[in-house]
Amino acid sequence: MDKIENKSTEKKPSLNFLEQIVENDLKNGINDGRLLTRFPPEPNGYLHIGHAKSICLNFGLAEKYGGKTNLRFDDTNPTKESTEYVNAIMEDVRWLGFQWQEPVLYASDYFDKLYELAVYLIKKSKAYVCHMSAEEISTGRGTPQTPGKESAWRNTSVEQNLREFEKMRIGEYKEGERVLRAKIDMASPNMWMRDPVMYRIMFAHHHRTDNKWCIYPMYDWAHGQSDYIEGITHSICTLEFVPHRQLYDWFLENLDIKGTRPRQYEFARLNLTYTVMSKRKLLQLVEEKYVDGWDDPRMPTVSGLRRRGYTPASIRTFADRVGVAKRENMIDVSLLEFCIREDLNKNAPRAMVVLNPVKLIIDNYPENQQEKLPAIINPEDAESKKRMVPFSREIYIEREDFMEDPPKKFFRLAPGAEVRLKYAYIIRCDSVIKDEQGNTSEIHCTYFPDTKSGMQSNRKVKGTLHWVNIDTAVEIEVKLYDRLFSVPEPENVDEGQDFKDFINADSLKMVKGYGEPFINEFFPGKGFQFERLGYFSADKESAPGNLIFNRTVTLRDSWAKENRG
RNA sequence: UGACCGAUGGUGUAACGGUAGCACUACAGUUUUUGGAGCUGUCUGUCCAGGUUCGAAUCCUGGUCGGUCAACCA
């Protein structure tokens, strides 16, 4: 090779700690160079942006290093799980743009196998059926500072345990009367090693196995063994499972497994400012009707973000930018907003919509004349086509774009001031008509025909306004969303306070608006920019003749900032 | 008062014993028929104390601070 290596300019791609582990394993031929990750949601709720981070991590790692990813539902607690959630989760993963290795898997697929493995442990005298109540077990476990006490049933014979376990399975005991426990170490400094429960009795209908079982495996027992059964190489979970890793490894070791030995690795979950991320709290917001369902556009759920107008690409970029590490973090929601603006700025068609209209009359424009003015659909896109925008004597502009007595740097319309109407003409405000309450009801202007958009003109103005021709205006409904909470960390409030005390009362405002005819072409699932206002997305309930838009995010607004400060 | 995990600008995240970089935020300039976008720039950082070393964000020791762990939840 005569290629010259230039070390000083060569930049090593920076890898997160999981990528480093995977690269090393691959390089060292661990698992025969195989990479198989998994995304293991419990179908007891909807996916949120934190799960999206985990999805991007697991699927992303496999994509990057030529591996595969399983989608496995961790459905070991039938009282909390349902197919509604299963379906919603599959839809979200697909929508994010990831493909799992077929078929979809379930921990419940392995209930028979798990039972056999439990019997194996009993035979090795590594598991036993305990008769103590939940409370007794809990107190018997001791505290992190003091060792626990051994169960009276810890040393019963293998034969008796086998019989007891069988009786648990066939339903001879009531819920809570028996439990299968691993026999490990009641004095371990790790609470999870103090004879953890492997099976409990639940006479519950399971969404997949119906009433076949009345004993169900606990997470720690089911999860690692499912990983092993599937041949998972890297089992990636969040930090709270760090203490479980010792147990994860203990089960695998004592099962004398052959073949791929899965390894558990932990990373820090995502936290976002101005929202909550715990499933319990999200469920509470839904059930207590603070929001309109799991896919309410204010929710940090994947379905909520989708309805809000976020794109899969923006969420994947976001997941990329937040990074992966082991320290607790709190991501500023403005990073998420940046990611969607960045995407939509490049890709969203533009249209003019007025949300708080005031009538403007161009006195010197002929009464019965209408023009169709060409306007670029997306100035950021070199290939962009044009749309035609109707213009005539009477138009709407935003009330905020006019001030009778403006401050110094107000570049918009005011008596005697001149502005450009985007894609149209420069106008000058001549007079104002007010109603009985003193509110401006009509603004009268003069236009300058030689300033038509595209023409060379010496007249210069500081401001450009969007507008909508009244004759042809399309009436629409618009939902203006803001952050759901008024404090950056609603999950971290003082004692005696509840996260719900900090719900932002103004997180949703509904207004009527008027749009140019082009917005009739807007459909749900696609993002648009209403010029100078923000990005909007047609709601799923939007239909021709009844257009409803959700505001995804505003444009940055340095004028509003200056005004405030 | 135990065990485990962690600590780099306002927020995240790199640097793997050799120039503390990148992104977001904030601010400033430039540009603009979106007060948007773009472009340019600025501010702000290695938790503390010792040690090893020619050299420490990085290795060692001790502290401090934060998080996690006592469900028949996952």
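Order of the sequence lines sets the chain letters (A, B, ...), proteins ahead of strands, with each chain counted from 1. None of these values were measured; they are calculated from a predicted model.
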Using a heavy-atom cut-off of under 4.0 Å over every strand shown, decide if A/S453 touches base, sugar-phosphate, or nothing. base

In whole Å, what is the span from the CG atom of A/D75 to the P atom of B/C73? 15 Å

Indicate, with a heavy-atom threshold strictly under 4.0 Å, whether A/T146 touches base, sugar-phosphate, or nothing. nothing

Per atom distances to the A/L555 side chain, the nearest of B/G12, B/A74, B/G36 is B/G36

Need one value for A/R412: base, sugar-phosphate or nothing, where a base atom within 4.0 Å counts as base even if backbone is also close, heavy atoms only. base

Centroid-to-centroid, A/F536 to A/F522, below 6.0 Å? no

Write down the partner of B/U64 under the Watson-Crick or G-U wobble criteria, each distance required to be under 3.5 Å. B/A7

Quick check on B/A71: is either OP1 or OP2 less than 4.0 Å from any side-chain nitrogen or oxygen of A/S138? yes

Considering every strand shown, what is the Watson-Crick or G-U wobble mate of B/A74 when both distances are under 3.5 Å? none

Expressed as a whole number of Å, how far does the P atom of B/A23 sit from that of B/C39? 10 Å

Just call it for A/Y423: base, sugar-phosphate, or nothing, with non-hydrogen atoms closer than 4.0 Å on any strand. base

For A/V461, report the nucleic acid contact type (base, sugar-phosphate, nothing); a contact means any heavy atom under 4.0 Å. nothing

Distance, C1' atom - from B/C54 to B/C48, rounded to whole angstrom: 26 Å

Evaluate A/R551 against A/D482 for salt bridge (Lys or Arg N to Asp or Glu O under 4.0 Å), listing each step before the verdict. CA-CA 9 Å; A/R551 182 171 69 195; A/D482 200 351; 5.8 Å; no

Watson-Crick or G-U wobble partner of B/G41, both distances under 3.5 Å: B/C27

With sugar-phosphate meaning primed atoms plus P, OP1 and OP2, does A/I426 contact a base, only sugar-phosphate, or nothing at under 4.0 Å between heavy atoms? nothing

Could you let me know what B/G12 is paired to, Watson-Crick or G-U wobble, both distances under 3.5 Å, or none if it's on its own? B/C22

Looking only at atom P, what distance separates B/C72 and B/U25, rounded to whole Å? 46 Å

Looking for any heavy atom pair under 4.0 Å, which part of the strands does A/E380 touch: base, sugar-phosphate only, or nothing? base

For a quick check under 3.5 Å, do A/Y248 and A/Q225 share a side-chain donor-acceptor pair by atom type? no

Heavy atoms only, 4.0 Å cut-off, all strands: where does A/F530 land among base, sugar-phosphate and nothing? nothing

Going by the glycosidic torsion and a 90 degree boundary from 0, is the base of B/A71 oriented syn or anti? syn

Please state the C1' separation for the pair B/U44 and B/C24 - nearest whole angstrom. 14 Å

Interatomic spacing from CZ in A/F73 to CE in A/M90 - rounded to 0.5 Å: 5.5 Å

On a whole-Å scale, what distance lies between the P atoms belonging to B/A14 and B/G29? 35 Å

Base versus backbone protein contacts along nucleotides 23-28 of chain B [heavy-atom cut-off under 4.0 Å; B, S, -]: SSSSS-

Are A/W559 and B/G35 stacked, counting the six-membered base ring, centres under 5.5 Å, planes under 30°? yes

B/U11 P sits how many Å from A/N329 CG, rounded? 12 Å

Which is true for A/M132 with a 4.0 Å heavy-atom rule: it touches a base, it touches only sugar-phosphate, or it touches nothing? base

Please check this pair: side chain of A/E398 against backbone of A/N356, looking for a donor-acceptor N/O pair closer than 3.5 Å. yes

Any chance you could lay out the salt bridge (Lys or Arg N to Asp or Glu O under 4.0 Å) test for A/E531 and A/R387, step after step, and finish with the verdict? CA-CA 14 Å; A/E531 298 209 43; A/R387 65 190 200 264; 3.4 Å; yes

Give none if B/U46 has no partner; otherwise give the nucleotide forming a Watson-Crick or G-U wobble pair with it, both distances under 3.5 Å. none

Write down the partner of B/A57 under the Watson-Crick or G-U wobble criteria, each distance required to be under 3.5 Å. none

For the residue pair A/W294 and A/Y46, does the interplanar ring angle fall in the parallel (under 30°), tilted (30 to 60°) or perpendicular (over 60°) class? parallel

Could you tell me whether the side chain of A/R420 has a donor or acceptor atom within less than 3.5 Å of a complementary atom in the base of B/U33? yes

Please report the distance separating the C1' of B/U1 from the corresponding atom of B/A20, rounded so that it comes out in whole Å. 39 Å

Using the ring of each side chain (for Trp, its six-membered ring), is A/W192 parallel, tilted or perpendicular to A/H244, with breaks at 30° and 60°? tilted

With a non-hydrogen cut-off below 4.0 angstrom, is A/Q529 in contact with a base, only sugar-phosphate, or nothing? base

Just by distance, with hydrogens left out, do A/S314 and A/T317 show a side-chain donor and acceptor under 3.5 Å apart? no

Report each atom pair, protein N/O against N/O of nucleotides 1-9 of chain B, whose distance is under 3.5 angstrom.
{"residue": "B/U1", "atom": "O2", "partner": "A/Q145", "partner atom": "NE2", "Å": "3.2"}

What does B/G17 pair with, Watson-Crick or G-U, if both distances are under 3.5 Å? none

Is a side-chain donor or acceptor of A/S235 paired with a backbone partner of A/Q264 at a separation under 3.5 angstrom? no

Could you measure between the two C1' atoms, the one in B/A56 and the one in B/A49, and give it in whole Å? 15 Å

Among B/G35, B/A74, B/U34, find the nucleotide with the atom closest to the side chain of A/W192. B/A74

Between the side chain of A/D332 and the main-chain N/O of A/L335, is any donor-acceptor distance below 3.5 Å? no

Provide the distance between the two C1' atoms, one in B/A57 and one in B/G18, to the nearest whole Å. 13 Å

Have a look at A/A325 and say if it touches a base, only the backbone sugar-phosphate, or nothing, with a 4.0 Å heavy-atom cut-off. sugar-phosphate

Does NZ or CZ of A/K281 lie under 6.0 Å from the centre of the six-membered ring of A/F499, at an angle within 45° of the ring axis? yes

Under 4.0 angstrom, heavy atoms only, what part of the nucleic acid is A/G454 near: base, sugar-phosphate, or nothing? base

